[in-house]
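In what follows, chains are A, B, ... by sequence order, proteins preceding strands, each numbered from 1. FYI, side chains are in, hydrogens and waters are out, and symmetry mates aren't considered; it's all heavy atoms of this structure.
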Amino acid sequence: MTTHLSLQRMLLPTAQVSDLTTGSITLPGARGAFVPPLENGYSAIQTVTLTDSLSTEVTFNGLPSGANYFQLRIYAKDAQAGTSLSAVWARMRFNGDENQNYSHQYIITNGSSNSSNYSRNRASIAYWAANGDTTYPNAYAATVIDIYEPYSTTKNKSVMVWTSVNAISSGTSPIHNGFYASAWNSTSAITSITLLPLTGSYWKTGSTFALYGIK
Amino acid sequence: MTDTPMKTIVDCSTGETQTIPLTAEEIAQLEADRAAYEAERVAREEAEATREALKASAKAKLVAGEPLTAEEAEVLVL
């Protein structure tokens, strides 16, 4: 009987009552209680696929604690109309910072020629995206962005970007592959990440942005 | 589908995704940014076309043994 009662106690569901807005020392806030913290290793945080035709930007906030690195895996396209596929600048900002606190240097190739350059005191981190929506509506750009020690308050933030813009078709098919070493000149912890298309343009429907954390 | 530019905000702590229309001020800035970028793009492409034309002319003159202009020499000098 005693054993049976003990087993019953073990199986009984428990409830935790907590303040939904602030939490407390003894009772963690509901938000923190039901959203799992970042686990050790590589964890998927959130993924969003755009369904609106006039999407100007995507922002990730409420970032989980404990991440040593963030990684973004993006498969996106600039919605600019056009009959030729080319690489256009997409942008990224941290904490809504629109000041000239970013820099980058890059190496890119289109399969027949290479180029490199650098730019300092920019208003965003830039990388290539695909346009040419009229003729190449299905050519999206694959991008991987690594953000190092996003919560450090003693280090400026380093970012590495790889982008591949490919079009599979007959004739001239521009292919742009690039590597970018970028930086945000700030020791502030990152609280939000914003991805924008070319200045004044939109992300195309179907563009996907996936955020991962590494602990 | 909407005619108003939108921005997407993903709250990673709750998993909620919000699609919010831009304000009138943001739309105005968007249009101004687009116009400025278009003007810069046109200027950049015109400059590149001019440069390519000078290179082609310089190359042809070199082959023909003709003197180059200062502008043509400028695009060939590394």
Side-chain angles (χ1 to χ4, degrees), chain A residues 20 29-32 34-38 43-65 67 70 72 78-80 82 86 88-89 91 96 98 123-124 131 191-203 205 207-213, chain B residues 1-60 62-63 71-78:
Chain A
L20 290 174
R31 172 173 291 183
F34 296 109
V35 176
L38 201 63
S43 303
I45 299 174
Q46 287 295 332
T47 297
V48 61
T49 298
L50 300 179
T51 58
D52 196 280
S53 64
L54 297 178
S55 296
T56 59
E57 62 184 63
V58 174
T59 296
F60 291 93
N61 60 22
L63 303 176
S65 61
F70 283 130
L72 283 155
D78 190 291
Q80 273 196 347
S86 62
V88 293
W89 288 116
R91 298 163 292 153
E98 299 182 6
S124 62
N131 64 349
T191 58
S192 70
I193 304 169
T194 300
L195 293 309
L196 306 101
L198 177 70
T199 300
S201 188
Y202 304 102
W203 288 120
T205 301
S207 295
T208 298
F209 305 83
L211 178 64
Y212 296 83
Chain B
M1 184 72 70
T2 173
D3 293 334
T4 304
M6 312 290 283
K7 55 185 176 182
T8 301
I9 299 175
V10 182
D11 187 334
C12 298
S13 64
T14 62
E16 296 176 16
T17 298
Q18 291 181 294
T19 304
I20 302 172
L22 267 62
T23 65
E25 291 75 17
E26 290 173 326
I27 293 174
Q29 183 63 54
L30 184 70
E31 295 297 327
D33 288 345
R34 180 181 293 120
Y37 176 81
E38 185 62 20
E40 184 273 336
R41 182 190 66 80
V42 170
R44 176 166 36 86
E45 291 181 352
E46 288 178 350
E48 183 62 24
T50 299
R51 180 179 176 81
E52 291 299 317
L54 283 172
K55 286 170 65 176
S57 173
K59 184 178 179 180
L62 279 176
V63 172
E71 285 180 318
E72 291 166 337
E74 183 67 29
V75 298
L76 291 183
V77 175
L78 296 176

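Legend: residues meeting ring-ring contact (aromatic ring centres under 6.0 Å, His included) with A:F70, ordered by chain and number and at least two apart, are A:Y151.
Contact of A:L195 with chain B is not made at all, since no heavy-atom distance falls under 4.5 Å. With a threshold of 4.5 angstrom between heavy atoms, A:L196 does not approach chain B through any atom at all. The contact between A:Y202 and chain B is made entirely by side chain atoms (from C-beta outward), counting heavy-atom distances below 4.5 Å. Heavy atoms of A:V48 lying under 4.5 Å from chain B belong exclusively to its side chain.
When each of A:L50, A:V58, A:T56 is checked for heavy-atom pairs under 4.5 Å with chain B, A:T56 comes out on top.
B:P21 pairs in a side-chain contact (heavy atoms from CB on, under 4.5 Å) with only one of the listed residues (B:M6, B:E26, B:K7), which is B:M6.
Between A:G62 and B:C12, the shortest heavy-atom distance links the atoms O-CB, 3.3 Å.
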For a quick test of your reading: what N or O donor-acceptor pairs under 3.5 Å do the side chains of residues 49-57 of chain B make, sequence neighbours left out?
residue: B:T50; atom: OG1; partner: B:E46; partner atom: O; Å: 2.9
residue: B:S57; atom: OG; partner: B:E72; partner atom: OE2; Å: 2.5

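Checked by atom type, the side-chain pair A:D52/B:T19 shows no donor-acceptor distance below 3.5 Å.
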